[in-house]
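Structure first, commentary second.
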Amino acid sequence: MRHSTLRQLEVFSTIARLGSFTRAAEELFLTQPTVSMQIKKLTDAVGLPLFEQIGKKMYLTDAGRELQQTCDGIFEHFSRFEMAIADMKGLKKGTLKLAVVTTAKYFAPRLLGPFCQAHSGVDVSLKVSNRERVLERLAGNQDDLYILGQPPEDIDAMAEPFLENLLVVLAPASHPLAKDRNIPLSRLAKEPFLVREPGSGTRAAVERLFASKKIIPKVRMELGSNEAIKQAIVGGLGISVLSRHTLSLDAPLGHIAILDVENFPIRRHWYVAYPRGKKLSVIAQAFLEYLKQAPKLTPM
Ligand code: PGA
């Protein structure tokens, strides 16, 4: 085992956490053959199989479970070590690990700009995934801070609102409802609706509003990103509800209208969260304070 590398252990514990070689390869930005090779070497070193595949699912063997516990211990010690060193260096050097939901990618980098300028030795690693994935990362204590559209419900975490998030109804600019005012919510049920993928926080918020008014939208298509939805709106495939932040910078300006619908905008906030009891590094603490006073970004 002494010849096994930390990288192999990282690959192993990522597969153990995600239950899939493919997803682990994606998350670690490795190719699948590389991932398989690392696991093969590790398995040879252990001398027992670490995973077994039953049907499509991957399970840990007893040896795999033992190794997973050992890895958790090793990585926790390591991150405490890294944090101690970063704290010794103060704000001069270190990494800020952030995981943000897909919709936050429209403003998170803009918020990071001034912070990184003020602390030039700080590197930032920014993971962008949908709400479900970000919550998995939070539960696994993989990053310093998390930005999401609603505080975590099933995980014991601290969460503070720092920025308003308005969800609006978007339609092609040429849509017949584009000039109407105070459109009844029930009217939307007649329009083909474009929704985000399951696991998206935006989708969950929209479903909650419709369910509370007992309205069933006519879902025409499910799309895995805000960008794809905006393009589909422009392409005339339907209407949708997205955060106003998705309209900043690269929106196909002039092609999309915000409809004036009753009960809209859905008023939400962006939250910055971290597991309760987590000892934040000096850098993470500074970023948290910065977020709370950050200039209020207005969606364009
Ligand atoms: P999403 O999350 O990007 O997963 O839709 C946004 C939100 O929670 O508001």
Side-chain angles (χ1 to χ4, degrees), residues 18 23 26-27 97-112 125-140 142-143 145-170 188 193-212 217 219-233 237-251 256 258 261 263-275 288 291 294 296-300:
L18 299 175
R23 281 179 66 189
E26 254 170 52
E27 185 172 307
K97 289 216 256 168
L98 289 179
V100 310
V101 291
T102 40
T103 308
K105 76 168 184 198
Y106 297 95
F107 64 83
R110 268 198 288 157
L111 279 175
L112 276 167
S125 112
L126 181 69
K127 288 262 183 259
V128 182
S129 314
N130 75 17
R131 177 176 173 86
E132 198 169 274
R133 291 264 183 113
V134 170
L135 287 176
E136 275 171 22
R137 297 186 67 89
L138 192 150
Q142 285 185 269
D143 311 273
L145 295 169
Y146 304 82
I147 294 180
L148 358 95
Q150 205 185 308
E153 284 130 15
D154 303 325
I155 307 169
D156 195 12
M158 305 290 292
E160 303 190 43
F162 67 94
L163 182 68
E164 194 170 46
N165 177 24
L166 304 180
L167 302 195
V168 291
V169 186
L170 302 178
L188 295 192
F193 215 78
L194 309 168
V195 291
R196 283 276 307 274
E197 77 287 2
S200 145
T202 308
R203 173 174 168 144
V206 177
E207 283 177 350
R208 261 197 306 275
L209 173 67
F210 280 123
S212 74
V219 175
R220 167 146 197 209
M221 206 184 272
E222 191 177 283
L223 293 141
S225 75
N226 296 317
E227 289 315 304
I229 292 198
K230 283 190 294 181
Q231 295 302 330
I233 293 173
L237 290 173
I239 64 167
S240 188
V241 175
L242 293 179
S243 165
R244 242 195 102 159
H245 284 288
T246 64
L247 294 184
S248 47
L249 300 177
D250 60 349
I256 290 189
I258 298 180
V261 181
N263 298 103
F264 278 92
I266 302 177
R267 283 183 188 276
R268 306 180 79 209
H269 280 91
W270 292 110
Y271 290 81
V272 53
Y274 54 94
L288 186 67
L291 273 189
K296 295 290 164 247
L297 293 178
T298 37
M300 278 170 260

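Both counts, for ligands and for their atoms, begin at 1 and track the order of listing.
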Counting both backbone and side chain atoms, is some N or O of Val101 under 3.5 Å from an N or O of ligand 1?
no
Going by the 4.0 angstrom heavy-atom rule, the piece of Glu132 near ligand 1 is neither
- request: Answer with yes or no whether Gln150 contacts ligand 1, where contact means a heavy atom under 4.0 Å from a ligand atom.
  value: no
(message) Is the shortest side-chain heavy-atom distance between Pro275 and Asp156 below 4.5 Å?
(response) no
Under 3.5 Å between some N or O of ligand 1 and some N or O of Arg203? no
In this structure, atom 7 (C) of ligand 1 is nearest to the protein heavy atom Arg268 NH1, 3.4 Å
Nearest non-hydrogen protein atom to atom 3 (O) of ligand 1, with distance, is Thr102 OG1, 2.4 Å
Note: ligand 1 atoms sitting under 4.0 Å from heavy atoms of Gly149 are 7 (C), 8 (O), 9 (O)
One finds that the ligand 1 atoms under 4.0 Å from a non-hydrogen atom of Asn130 are 4 (O)
- Message: Are Arg131 and Arg196 packed together at the side-chain level, in the sense that at least one heavy-atom pair is separated by less than 4.5 angstrom?
- Response: no
Q.
Using the rule given for side chain to side chain contact (heavy atoms under 4.5 Å, CB included), can you reason through Leu209 versus Leu167, listing the C-alpha separation, both sets of side-chain angles and the distance that settles it, and then say yes or no?
A. CA-CA 11 Å; Leu209 173 67; Leu167 302 195; over 6 Å; no
Value for OG1 (Thr246) from NZ (Lys230), rounded to nearest 0.5 Å, stands at 5.0 Å
